[in-house]
Protein chains: 2
Amino acid sequence: MPAGKRDHLIDTALRLFAAEGFHAVGIDRVIAEAGVAKMTLYNHFRTKDELIVAALERRAERFLAWFTHRVEAATEDPRQRLLTVFDVLAEWYRGRGPEPRRFTGCAFQNAAAEFHDPAHPAHAAANAMKRGTRGYVRGLAEAAGFDDPGAVAAWWLVLIEGATAVAHQLGERDAALTAKAAAATLLDAQAPS
Amino acid sequence: MPAGKRDHLIDTALRLFAAEGFHAVGIDRVIAEAGVAKMTLYNHFRTKDELIVAALERRAERFLAWFTHRVEAATEDPRQRLLTVFDVLAEWYRGRGPEPRRFTGCAFQNAAAEFHDPAHPAHAAANAMKRGTRGYVRGLAEAAGFDDPGAVAAWWLVLIEGATAVAHQLGERDAALTAKAAAATLLDAQAPS
DNA sequence: GGACAAATAGACAGACTTGTCTATCTATTC
DNA sequence: GAATAGATAGACAAGTCTGTCTATTTGTCC
């Protein structure tokens, strides 16, 4: 089971990094919690940074899968889906998101905060994830027939990031509802053509 | 000049922490760049955490002073000031904010990202700063005669945090204009009573 | 000039960091 | 059953981290 150990390491690292931060959690913590020898880790990942990037990639994959599934299960109407986005965020803030469940802010916001250099692979992973999110919203806005789906997607990303930051920093888990109310007002003003 | 060294240490720490992160910058870096002996630092601050908190407090003070001054110098009309907020953010993202000038995201978002525990004094400082920002916006909304100034302030904080996060993570310095367009639309929909 | 407070350089402790290495063990496959 | 690949524990290197300590020098006020 060569992929088994690797998978387990990524999951363990993801959980620890999310809970305590990338710098704060050392390699020794990861292998201890994973119950794995140090050489096993360094056999699968050349450096800690590589493990961090693998963890972020898994997070992006898993989160987007969960997120889009929740949005699409709620309603078929594209316009409604644009609003449902914020209900799904509320679920996430309340600890009903994908593993790991405890809400400690957006892992990608946190990664960008710890690795300021845009050239750092962890920062680049955050960049890619946010573009992915915006692209998804843009697809919803296109399906809803909006004149300028790019503008809607740009607004939505600002609202999503803002709600997530407020929920984390202020511990206000209903920040998603604040953002939803703003989003609803914006949708009414920017009616589909 | 007993306060001189202390001030200089706080400024140096603020600059380094903002540029590279709180965990990534060690005490030795701070004292080397400040040109100060280690015991001078530990004479003024009992621990590194105390230095971090002092740096964040100075940042909050200096940033809010700059921010409110820029908003209020632009226009006297409270409604217009609510929109000017985003022009001032754009200045900040473009490196025309208070010292230290280089934009590396919001120091308080970054602090909350590195210190997840809400009980940690650095996280608490971030919390206080955001409440201060929201309180200021609320004052503007009150002066503009809005029915529910608290709701406007909540929306604005989400837009501000979101624009700042997008500007930092995606390097999109015009995120403030995206937020401003959304804010203008919201203001039109939520006219003063 | 003498006294007192503050700052200095630098050694030091003890713990922690990433990453390497070795020598042993285990499991699968031929 | 033998060979091969992967995992194991743990020592180890070389450096970093925070925080303490000492012994000396500097600057200011009387």
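So you know, we letter chains A, B, ... as the sequences are listed, proteins then strands, and number each from 1.
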Rounded interatomic separation in angstrom, taking CD1 from I52(B) and P from dC17(D): 13 Å

Residue V36(B), side-chain heavy atoms: nucleotide from dA7(C), dT18(D), dT8(C) that is nearest: dT8(C)

Worked verdict on L140(A) versus W156(A) for side-chain contact (heavy atoms from CB on, under 4.5 Å): CA-CA 11 Å; L140(A) 294 181; W156(A) 254 235; over 6 Å; no

Phosphate OP1/OP2 of dT8(D) contacted by K5(A) side-chain N/O (<4.0 Å): yes

Exercise: do E161(A) and Q109(A) side chains pair donor with acceptor under 3.5 Å: yes

Atom-to-atom span, NE2 of H23(A) to P of dT16(D) - whole angstrom: 14 Å

T40(B) side chain near dT8(C) phosphate (N/O to OP1/OP2, under 4.0 Å): yes

Integer-rounded Å distance: dT18(C) P and F45(A) CZ: 15 Å

Nucleotide dA11(C), atom P - distance to CD1 of I31(B) in whole Å: 13 Å

Short side-chain to backbone donor-acceptor contact, R101(A) and G97(A), under 3.5 Å: yes

Protein-nucleotide distance (M39(A), atom CE; dT18(C), atom P), rounded to Å: 15 Å

Proximal nucleotide (of dA7(C), dT18(C), dC17(D)) relative to the H44(B) side chain: dA7(C)

Distance, rounded to the nearest Å, where D49(B) contributes CG and dC17(D) contributes P: 16 Å

T47(B), nearest nucleotide to its side chain (from dG19(D), dT8(C), dA9(D)): dG19(D)

Any donor-acceptor N/O pair, E114(A) side chain to F22(A) backbone, under 3.5 Å: yes

Presence of N43(A) side-chain N/O under 4.0 Å of dG6(D) phosphate oxygens OP1/OP2: no

Nearest to side-chain heavy atoms of Y42(B), which nucleotide of dT18(C), dT20(C), dT18(D): dT18(D)

E33(A) side chain to R29(A) backbone, donor-acceptor under 3.5 Å: no

Rounded interatomic separation in angstrom, taking NZ from K38(A) and C1' from dA9(D): 12 Å

Gap between atoms CG and P, on L9(A) and dT18(C) respectively (whole Å): 14 Å

